Amino acid sequence: QKNLRILSPDQIKLAKMLTSEGQSHLFAHWAEPGVDDEGKRSFFDQVARLDRSYPGGLVSYIRNARKLLADSKEGKNPFDGFTPSVPLGEVLTFGDDKFVGFEEAGIREVRNAAFVLVAGGLGERLGYKGIKLALPAESTTGTCFLQHYIENILALQNASNSILQGQHEAQIPLVIMTSDDTHTPTVDLLESNSYFGMKPTQVKLLKQEKVACLDDNDARLAVDPCNRYKIQTKPHGHGDVHALLYSSGLLDAWHDEGRKWVLFFQDTNGLLFKAIPASLGVSATKGYHVNSLAVPRKAKEAIGGITKLTHADGRTMVINVEYNQLDPLLRATGHPDGDVNCETGYSPFPGNINQLILELNSYIEELTKTRGAIKEFVNPKYKDSSKSSFKSSTRLECMMQDYPKTLPPSARVGFTVMDTWLAYAPVKNNPEDAAKVPKGNPYHSATSGEMAIYRANSLILRKAGFEIANPTLEVFNGQEVEVWPRITWSPKWALTFADVRRKASCNCSVTQRSTLVIKGKNVYLDGLSLDGTLIIKSIDDAEVKVGGSVQNKGWTLKRIDHKDTSVPEEVRIRGFEIEKVEQLEINYTEPEQMSENDEAIEN
Ligand code: UGB
């Protein structure tokens with residue numbers, strides 16, 4: 001009460017709102033007026049921020065929290081009344097006619113898309129101090145995830161524009177959701193690399209705010225243990241992206257520009273863009289309002305399962321059931337073994353890789369109703385079975401893939417299953433945890449993420465007719481991985497299987513110890529026999545044919561111990577570094593037509 005006189009009318013309003021919502025304890029230890037007044041004002045700045053950034057404000061947050069905490073205490077099952085079953089979706093096989101057709105459709109559509117990258121997570125599981133977007137996706141070229149994503153979007157933009165020549169040159173926007181933990185380093189990474197070739201106006205950053213922590217079942221907000229004028233906060237989850245997009249006004253702007261699709265993706269999947277043309281093609285062809293990308297899932301793998309839920313009252317929905325909920329849900333509905341593999345060696349539920357394609361019109365329609373609020377959950381760690389107090393404060397959380405939960409039954413919600421080798425290799429686990437992953441389950445580490453890129457490129461070239469040697473099995477950081485030839489190409493060389501087939505003829509071979517880097521648009525491989533390292537660079541205007549026999553000592557993988565702190569962290573976490581012993585580098589800098597590389601190779 002005594003402090004009221006130092007507050008502005010807006011601050012008094014916030015104080016009254018808090019007290020009427022059972023939050024008087026927040027003011028219990030405040031000093032007399034005149035003492036710590038700056039701290040008190042900054043308290044209200046924070047409260048105003050928390051109020052603004054939550055759909056419906058702090059009152060809604062507190063009330064939602066009370067309800068969810070009561071349900072949790074009661075042990076209420078969020079899936080009460082629902083029976084899970086395996087849904088039907090579009091299952092694609094890389095390289096067949098259907099796949100190629102979807103890729104072609106996707107490339108036509110992509111100029112009407114906007115990309116949204118959720119990158120607010122710090123990646124505690126990976127144990128890497130920097131932002132994950134700055135990590136190299138592979139160490140042959142050292143390309144970091146953000147550069148890899150941006151170069152892919154630019155290549156998609158160019159490919160789509162060149163099909164529809166005569167129409168205006170579309171620019172594909174990229175939104176990056178950051179958080180307090182990742183915002184500044186993300187800006188620095190973009191600015192110090194000239195946005196990796198994107199126009200700065202094409203990229204928008206939206207920062208998610210954390211939400212207030214909760215101390216007890218009455219949803220009393222937690223005071224920061226280090227500062228009595230601050231509410232303790234924690235991340236709310238990737239579901240925030242919907243509310244942020246809604247309040248940013250970007251969706252309407254995109255609609256006015258004639259855009260049709262919003263593609264959401266995560267921070268560390270070096271394979272993802274290999275799956276984007278075909279999955280967007282599926283959305284466009286099938287008219288899906290929601291399309292989730294999925295891969296075959298190993299039981300208990302830390303990715304959600306796409307599940308059909310049928311309620312006793314007849315309602316059905318196809319939705320992600322998060323990995324920690326799938327097992328209890330199955331056990332509670334007549335599957336005593338829970339989340340287990342079936343005869344295929346995989347869980348019957350396709351694994352959600354959190355790549356969502358939403359149709360813009362229906363997305364805007366839905367968000368106009370919900371303001372982007374996503375169904376939340378709470379996961380308190382109780383002190384004992386009475387569930388009356390928590391071990392530490394908790395908070396509400398939400399996930400972006402829960403967006404379909406509020407959609408009407410008429411919504412067209414589908415999913416597209418692709419081969420894991422093609423679509424999914426995230427970098428989430430630190431070396432120690434990855435080494436403990438049960439045999440046969442994916443490591444999801446920096447080691448496996450990098451090796452998956454080489455494997456995918458090798459398999460794609462094999463499918464195009466290349467003779468690619470079999471991989472060797474090697475152990476890095478306690479993880480046994482397949483080591484394929486280290487093949488990488490820039491997205492402007494190939495985005496689809498049709499591109500690869502056009503530029504790589506079937507009379508080529510690559511040995512297992514080889515490295516092949518293609519950095520050029522119109523590079524045609526013909527009669528190439530590679531045993532060593534070959535780097536091909538060319539300007540976009542050059543059209544070059546590369547063939548003949550290339551043999552040299554090449555580049556080798558040198559084992560690194562992840563505990564060796566003399567080595568940079570991004571190298572340590574993958575367990576090897578590349579020793580560049582000998583290579584042939586050919587560089588085409590003139591806009592030549594079909595020049596051959598024979599001379600360079602003889603040298
Ligand atoms: N992220 C944010 O932007 N903000 C946040 O507050 C939190 C995260 P994790 P998770 O594909 O492998 C998801 O931590 O949440 C970003 C799906 O829920 O890597 O454990 C963060 O930067 C799961 O169903 O993953 O699991 C990152 O880009 C499954 O699909 C992204 O959100 C799994 O991912 C994911 O955060 C998967």
Side-chain angles (χ1 to χ4, degrees), residues 53-54 115-128 130-135 145-146 149 175-183 185-186 205-211 233-245 263-272 275 292-298 300-307 319-326 339 347 349-356 374-377 379 395-405 415 417-418 420 423-430 433-434 437 441-446 448-449 452:
S53 57
Y54 187 82
F115 282 80
V116 179
L117 166 57
V118 290
L122 247 198
E124 280 97 348
R125 272 190 276 164
L126 181 61
Y128 172 66
I131 51 165
K132 296 210 275 175
L133 287 178
L135 267 182
F145 281 104
L146 186 56
Y149 291 151
V175 169
I176 307 176
M177 180 171 82
T178 58
S179 65
D180 276 328
D181 296 327
T182 63
H183 188 80
T186 307
L205 267 61
L206 300 177
K207 185 160 78 75
Q208 64 178 144
E209 294 293 336
K210 292 182 178 165
V211 287
T233 57
K234 283 189 183 165
H236 190 218
H238 35 72
D240 277 348
V241 71
H242 301 293
L244 277 174
L245 277 175
L263 287 89
F264 295 84
F265 64 112
Q266 302 193 153
D267 50 16
T268 59
N269 183 3
L271 297 183
L272 178 72
S292 310
L293 221 74
V295 295
R297 173 180 182 276
K298 283 279 183 187
K300 310 208 166 52
E301 195 180 331
I303 63 177
I306 308 261
T307 309
I319 194 83
N320 173 68
V321 176
E322 200 57 340
Y323 44 90
N324 55 343
Q325 293 178 320
L326 189 59
D339 180 16
S347 155
F349 298 91
N352 162 51
I353 62 169
N354 248 10
Q355 154 73 50
L356 305 177
I374 295 298
K375 282 232 178 294
E376 295 162 300
F377 59 96
N379 193 11
R395 86 290 197 181
L396 300 191
E397 293 177 75
C398 62
M399 301 188 291
M400 74 170 169
Q401 65 271 33
D402 278 345
Y403 162 75
K405 281 193 171 163
F415 64 95
V417 184
M418 301 238 189
T420 308
Y424 186 60
V427 176
K428 300 200 180 205
N429 290 330
N430 60 57
D433 290 346
V437 164
N441 275 25
Y443 299 118
H444 295 173
S445 65
S448 62

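Both ligands and their constituent atoms are indexed starting at 1 by order of listing. Quick caveat, the model's predicted, so the values are computed rather than measured.
- Close contacts between ligand 1 and Ile353 involve ligand atoms 11 (O), 30 (O) [criterion: under 4.0 Å to a heavy atom].
- Ring pair Phe265/Tyr149: centre-to-centre distance below 6.0 Å.
- Looking at ligand 1, you won't find any N or O of His236 less than 3.5 Å from one of its N or O atoms.
- For ligand 1, the atoms lying closer than 4.0 Å to a non-hydrogen atom of Ala119 are 3 (O), 22 (O).
- Contact atoms of ligand 1 toward Gly120: 2 (C), 3 (O), 4 (N), 22 (O) (distance under 4.0 Å to a heavy atom of the residue).
- Nearest protein neighbour of atom 7 (C) of ligand 1, counting heavy atoms only, is His238 N, 3.9 Å.
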- request: Might you work through the side-chain hydrogen bond (donor to acceptor under 3.5 Å, both in side chains) test for Glu209 and His236, ending with a clear yes or no?
  value: CA-CA 8 Å; Glu209 294 293 336; His236 190 218; over 6 Å; no

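- Short contacts between ligand 1 and Val118, defined as distances under 4.0 Å to a heavy atom of the residue, involve ligand atoms 3 (O), 16 (C), 21 (C), 22 (O), 27 (C), 28 (O), 31 (C), 32 (O).
- Of all non-hydrogen atoms in Met177 and Gly237, the two that sit nearest each other are CE-O, 4.5 Å.
- Closest protein heavy atom to atom 30 (O) of ligand 1: Asn352 O, 2.6 Å.
- Each of the atoms 13 (C), 17 (C), 18 (O), 30 (O) of ligand 1 lies under 4.0 Å from some heavy atom of Asn354.
- For atom 1 (N) of ligand 1, the closest heavy atom belonging to the protein is Gly121 N, 3.6 Å.
- Near Gly304, meaning under 4.0 Å from one of its heavy atoms, ligand 1 places the atoms 23 (C), 24 (O), 29 (C).
- Listed by number with element, the atoms of ligand 1 under 4.0 Å from a non-hydrogen atom of Pro235 are 6 (O).
- Taking all atoms of both residues into account, the shortest heavy-atom contact from Pro442 to Val437 is O-CG1, 3.5 Å.
- Here the closest non-hydrogen pair linking Ser292 and Ile306 is CB-CD1, 3.9 Å.
- Taking only non-hydrogen atoms, the option from Met177, Gln208, Lys234 nearest to atom 5 (C) of ligand 1 is Gln208.
- For the 3.5 Å distance criterion, the side chains of Gln266 and Asn354 qualify, holding a donor opposite an acceptor.
- Within the structure, ligand 1 has Arg125 among the residues with a heavy atom less than 4.0 angstrom away.
- Looking at atom 26 (O) of ligand 1, its nearest protein heavy atom turns out to be Glu322 OE2, 3.8 Å.
- Look at Asp181 and Lys210 and you find a salt bridge, because one of the NZ, NE, NH1 or NH2 atoms lies within 4.0 Å of a carboxylate O, short of that distance.
- The nearest pair of heavy atoms linking Ile176 to Ala119 is CG2-CB, 4.1 Å.
- Across Asp180, Asp240, Thr178, a single residue satisfies side-chain hydrogen bond (donor to acceptor under 3.5 Å, both in side chains) together with Lys207, and that is Asp180.
- Across all non-hydrogen atoms, the minimal contact from Leu146 to Leu117 is CD1-CD2, 4.0 Å.
- Under 4.0 angstrom from ligand 1, there are no non-hydrogen atoms of Met400.
- Annotation: atom 35 (C) of ligand 1 to nearest protein heavy atom, Gln266 OE1, 3.4 Å.
- A salt bridge links Asp339 to Arg297: at least one charged side-chain nitrogen sits closer than 4.0 Å to a carboxylate oxygen.
- The nearest heavy-atom contact from the protein to atom 9 (P) of ligand 1 is Lys428 NZ, 3.6 Å.
- For atom 12 (O) of ligand 1, the closest heavy atom belonging to the protein is Tyr424 OH, 2.2 Å.
- The Asp267 neighbourhood of ligand 1 comprises atoms 21 (C), 22 (O), 27 (C), 28 (O), with distances under 4.0 Å to a heavy atom of that residue.
- The two residues Ser179 and Gly120 make their nearest non-hydrogen contact at OG-O, 2.7 Å.
- Under the 4.0 angstrom criterion for non-hydrogen atoms, Phe265 is not in contact with ligand 1.
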